[in-house]
There are 2 protein chains.
Amino acid sequence: MSIQSKESVKVAIRATGKIVTMKDVARASGFSPTTVSIALNDAPLARFLPEETKSRIRLTAETLGYRPNPFARSLVNQKSQMIGLMVFDVMDPYCTRIVRGVESRLFESSYVPVFTDAHNDADRFEQYLKMLLDRRVDALIIIANWLALNNKILEMVERRDIPNVLIGSGLSTSSISSISFDNEEGAFLAIQHLYGLGHRKIAFHRGPSKLWDTAARWNGIQSFASLKGLEIDPDLVVSLRDSETSIDSFEGGYRSVRQLLNAGKEFTAFMAFDDLSALGAIRALKESGREVPEDCSVIGFDDIPAASFCTPGLTTIRQPMERMGSEAVDLVFQQIHQTTPSVTRNVNAELVIRQSTAQLPG
Amino acid sequence: MSIQSKESVKVAIRATGKIVTMKDVARASGFSPTTVSIALNDAPLARFLPEETKSRIRLTAETLGYRPNPFARSLVNQKSQMIGLMVFDVMDPYCTRIVRGVESRLFESSYVPVFTDAHNDADRFEQYLKMLLDRRVDALIIIANWLALNNKILEMVERRDIPNVLIGSGLSTSSISSISFDNEEGAFLAIQHLYGLGHRKIAFHRGPSKLWDTAARWNGIQSFASLKGLEIDPDLVVSLRDSETSIDSFEGGYRSVRQLLNAGKEFTAFMAFDDLSALGAIRALKESGREVPEDCSVIGFDDIPAASFCTPGLTTIRQPMERMGSEAVDLVFQQIHQTTPSVTRNVNAELVIRQSTAQLPG
DNA sequence: TCCCGAAGTTCGATTTAAATG
DNA sequence: GCATTTAAATCGAACTTCGGG
């Protein structure tokens, strides 16, 4: 009786916001904390507990509104059930869709992402890395491009020996996993598309030399060119500057096309480094009185959201970013659960045809 | 001597990845764990410790590479140093910039955001809410629009009595803080701009009735109209459907304009509900052979990134989203540190003039 | 010996109350 | 009694070991 009345007090306390602990469940159910723990976690020993006991414990836990304290739990098993998500720039539409992919897959699990954004700055990245490590995240998912190549950072990750995966960088070592996109194939598809529409005088926009992707895409272009005997006019090749951050590439595309136009170069198609620079290119073309795609076809790379929202819709090479995100999660889970060695997984490119490219008249 | 050699063993162990605890620092420095804790945290009692002691402890902690275990710490002081960030849809460009704002301000503190994305789904939102609460986040920052109005959810937040702030919803109660945007002012500025350019036959695009913003913006429009004696032709008012999620509004804008055009309505300007629907409107106009802004001016709302990347650049009402994000952080910190009551803070609208609006000829 | 259940230790810190010279 | 330092309790759960029927 007195126990009963104590319990109703407890329930009243909970309603006022007090936290219910396992001990409370134990008291209320009449079992010891040990038994409660075993029952609620379906621990190995739980097979010896009669169903009656287990269900009674579960019931009281339920009615008391018991929720295990994650800190206590993490303290004993040394797992945070959190994964560190490191992005180089959320404002970059490229990141956004990857984040979505990561989040979606993570939601199905009991893990939760701790979000960090490096603002395209290596120092900030490093600080965040330390923070995440201090917080004992169970794994690291890194969306890196410009700054991924900072060796100091990679070494930090390697030394900690923490499950990890790099998204969107060709790099991978014996202790660093990565999801990489087939840039070469993507560029090949892009130029193939333009070529198929009859274009021969194509202007090319190379990315920043610092960026891994640049070389790979250029290889794709060259392999198609040599396959078809297409000549690439060096005068029609412009490069994005290294200093530019991802979001600046709009400006870069704009400037590059103006530069070509001012120099009086003739071309019927422009293959941009990415979607943002393609949009910049379109702006420059329109300002000079040229219509897209009537006077000049433009093709981008990435398939960011804006590519479909602009008019004309931008033909582009789609990176399956959401899938890259979810596969990254799969990869770190493998490492967490089965201590799998690091691997590299590759995803394919896809051509998305919209309205910015058209058959060359004549 | 033997102590010394033990220590070098310890250091060797650290190099192989073993974790250094406070006890290790105590042993190595020759003080008790208590003293170490006091010294490293600059606890009140630290003022009784001689500088000599403190610095020696700090030094050994440093050389041993000691990092406090966050779980143990959280366990005693019942604080996670994490804040829950709840977004209704990361893919929505509206969210992205707010996330940046939140992250930026948070970086300066020792807090870290746990990221969740509701995918515009109330159930998913609720599940995430429970997860975050179970994880004992110290506060909640919620970017909500469509689904914020779900009372069940708000009640959950209220009952938990956890520091919180809602971004982008007019709502606020005695226990829910919010950052709200002056939609009325924004809409006023927009129509004022069009009016100032000479437009009188303006088509309006109302948002979904479910959405708080819709009514506020409409008020802004009407107050300007009555101020200037401008007549609003009911035939030129179209509404976005409720079922549409944020990202669908492109389609909504497109359909609305086609609808007007098919019905043979005449208008020289179109005031969209948001940027995405404005971009949809532009597509519809161009497909019908109308040029923007020559044949029809278009104004958006929000100032998402794509607004500046498209050609013509979209004139729009800018919501200071990054600031809203960082102010949200300020608000929850106030609640965490000084247990301030809930408040509502308002931020102002700003007109951003680009190329999609022009003086009415004649 | 077989269930079933519990006491006690551990995780790594913070904090109170007390002890040392 | 003062200036320093520390033993011991605590946070909440998991797990190992041990005892009673």
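The chains referred to below are lettered A, B, ... by the order of the sequence lines, with proteins before strands, and numbering in each begins at 1. What you see is a predicted model; the values in this text were computed from it and never measured.
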**Q.** Salt-bridge contact E62(A)-R58(A) (side-chain N to carboxylate O under 4.0 Å)
**A.** no

(Q) If the condition is side chain to side chain contact (heavy atoms under 4.5 Å, CB included), which residues does R56(A) pass it with, not counting sequence neighbours? (A) F31(A), E52(A)

(Q) Measuring from the side chain of L75(A) (C-beta onward, heavy atoms only), which nucleotide among dC4(C), dG12(C), dT5(D) has the closest atom? (A) dG12(C)

Q.
Whether K54(B) and E51(B) form a salt bridge (side-chain N of Lys/Arg under 4.0 Å from carboxylate O of Asp/Glu) is what I want to check.
A. yes

Q) Base, sugar-phosphate alone, or nothing: which one does S74(A) contact when heavy atoms must sit under 4.0 Å apart? A) nothing

Q) What residues form a side chain to side chain contact (heavy atoms under 4.5 Å, CB included) with L45(A), not counting sequence neighbours? A) I38(A), F48(A)

Q: For F115(B), enumerate each residue passing the ring-ring contact (aromatic ring centres under 6.0 Å, His included) test, keeping only those at least two apart in sequence or located in another chain.
A: F115(A)

Q: Report the residues that fulfil side chain to side chain contact (heavy atoms under 4.5 Å, CB included) with R73(A), sequence neighbours left out, ordered by chain and then residue number.
A: N41(A), P68(A), N77(A)

Q: Return the angle between end axes of the helix from dC2(C)-dG21(D) to dG21(C)-dC2(D), with five pairs used per end and rounding to 10°.
A: 80°

Q: Report yes if a side-chain nitrogen or oxygen of Q78(B) is closer than 4.0 Å to either non-bridging phosphate oxygen (OP1 or OP2) of dG12(D); otherwise report no.
A: yes

Q | Contact check, side chains of I19(A) and N69(A), non-hydrogen atoms, under 4.5 Å | A | no

Q.
Need one value for F71(A): base, sugar-phosphate or nothing, where a base atom within 4.0 Å counts as base even if backbone is also close, heavy atoms only.
A. nothing

Q.
Would you say T35(A) places a side-chain N or O within less than 4.0 Å of OP1 or OP2 belonging to dA6(C)?
A. yes

Polar atom pairs (N or O), protein with nucleotides 13-17 of chain D, under 3.5 Å:
from, atom 1, to, atom 2, distance (Å)
dA13(D), OP1, Y66(A), OH, 2.7
dA13(D), OP1, N69(A), N, 3.1
dA13(D), OP2, M22(A), N, 2.4
dA13(D), O5', Y66(A), OH, 3.2
dA14(D), OP1, N41(A), ND2, 3.2
dA14(D), OP1, R73(A), NE, 2.8
dA14(D), OP1, R73(A), NH2, 3.2
dA14(D), OP2, S37(A), OG, 3.1
dA14(D), OP2, N41(A), ND2, 2.7

Q | Distance-only polar pair, side chains of S104(B) and E322(B), donor-acceptor under 3.5 Å | A | no

